[in-house]
A.B. asks: 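Following this message is one structure expressed as structure tokens.
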Amino acid sequence: MPSMMIITKSRLATLAIAASAFTMIANSPAYAWPTEQDVATARPNPDGVPDCARATSGAKACFDEFGDWFYITDRQKDGYSAVALWRVKDANGSVMRGGNVWNRDGARTTRFKNKDLPEEYYVDWASCVGDYATKDILEDACGPMTRIINN
């Protein structure tokens, strides 16, 4: 029998509050890091093997530190775009850069965006769903953040 993760109501509430707060911050014009808005494009797969953030029903976002590639997959025909919400932090936890990479090409597509991110810094990203026309990420439409050190 496969193992299951049991999430208590208090843990679920904590996760929901954290995701909601992150979403509100990410959509607020006053949040602390500069926002880079990029559109991912169709191109041959980059050479590396990416690390992926936990997918949502509508999106999957991956990051390949070999070349700083984001892979964004739209997993559902729902009228929304898949988006990778990302930020780069230094060793002190200060956000240096951040933004969104959008796959606006529809369901069952994977698109790619190359970024030039600093080495030896933390890269955090999440799989999200949003409205590309307004650049709004839907509330409660992001999976948890994933972190690596960019080498």
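In this text, all values refer to a predicted model and were calculated from it rather than measured experimentally.
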A.B. asks: So Tyr71 and Phe112, would you call those rings parallel, tilted or perpendicular, with 30° and 60° as cut-offs?
C.D. replies: perpendicular
A.B. asks: How about Asn100 and Asp38: do any of their side-chain heavy atoms sit closer than 4.5 Å?
C.D. replies: no
A.B. asks: Can any side-chain N or O of Asn103 pair as donor or acceptor with the backbone N or O of Thr109 at less than 3.5 Å?
C.D. replies: yes
A.B. asks: Do Trp102 and Ile72 have side chains that approach each other closer than 4.5 Å (heavy atoms only, starting at C-beta)?
C.D. replies: no
A.B. asks: Is the closest side-chain heavy-atom distance between Val129 and Val83 below 4.5 Å?
C.D. replies: no
A.B. asks: Answer yes or no: are there more than 12 heavy-atom neighbours, outside Lys60 itself, under 6.0 Å from its atom NZ?
C.D. replies: no
A.B. asks: Output all residues satisfying side chain to side chain donor-acceptor pair (under 3.5 Å) with Asp74, sequence neighbours left out; order by chain, then residue number.
C.D. replies: none
A.B. asks: Find out whether Arg87 and Met96 are in side-chain contact, i.e. whether some heavy atom of one side chain is under 4.5 Å from a heavy atom of the other.
C.D. replies: no
A.B. asks: Evaluate whether atom OH of Tyr132 has more than 12 neighbouring non-hydrogen atoms of other residues, nucleotides or ligands under 6.0 angstrom away.
C.D. replies: yes
A.B. asks: Run Thr56 and Cys142 through side chain to side chain contact (heavy atoms under 4.5 Å, CB included) and show every step you take.
C.D. replies: CA-CA 7 Å; Thr56 67; Cys142 289; 5.6 Å; no
A.B. asks: Would you call the rings of Trp86 and Phe70 parallel, tilted or perpendicular, taking 30° and 60° as the class edges?
C.D. replies: tilted
A.B. asks: Do the side chains of Arg147 and Asp124 get close enough for a salt bridge, i.e. N-O under 4.0 angstrom?
C.D. replies: yes
A.B. asks: Report, as yes or no, whether the 6.0 Å neighbourhood of atom CG on Asn151 holds more than 12 heavy atoms from other residues, nucleotides or ligands.
C.D. replies: yes
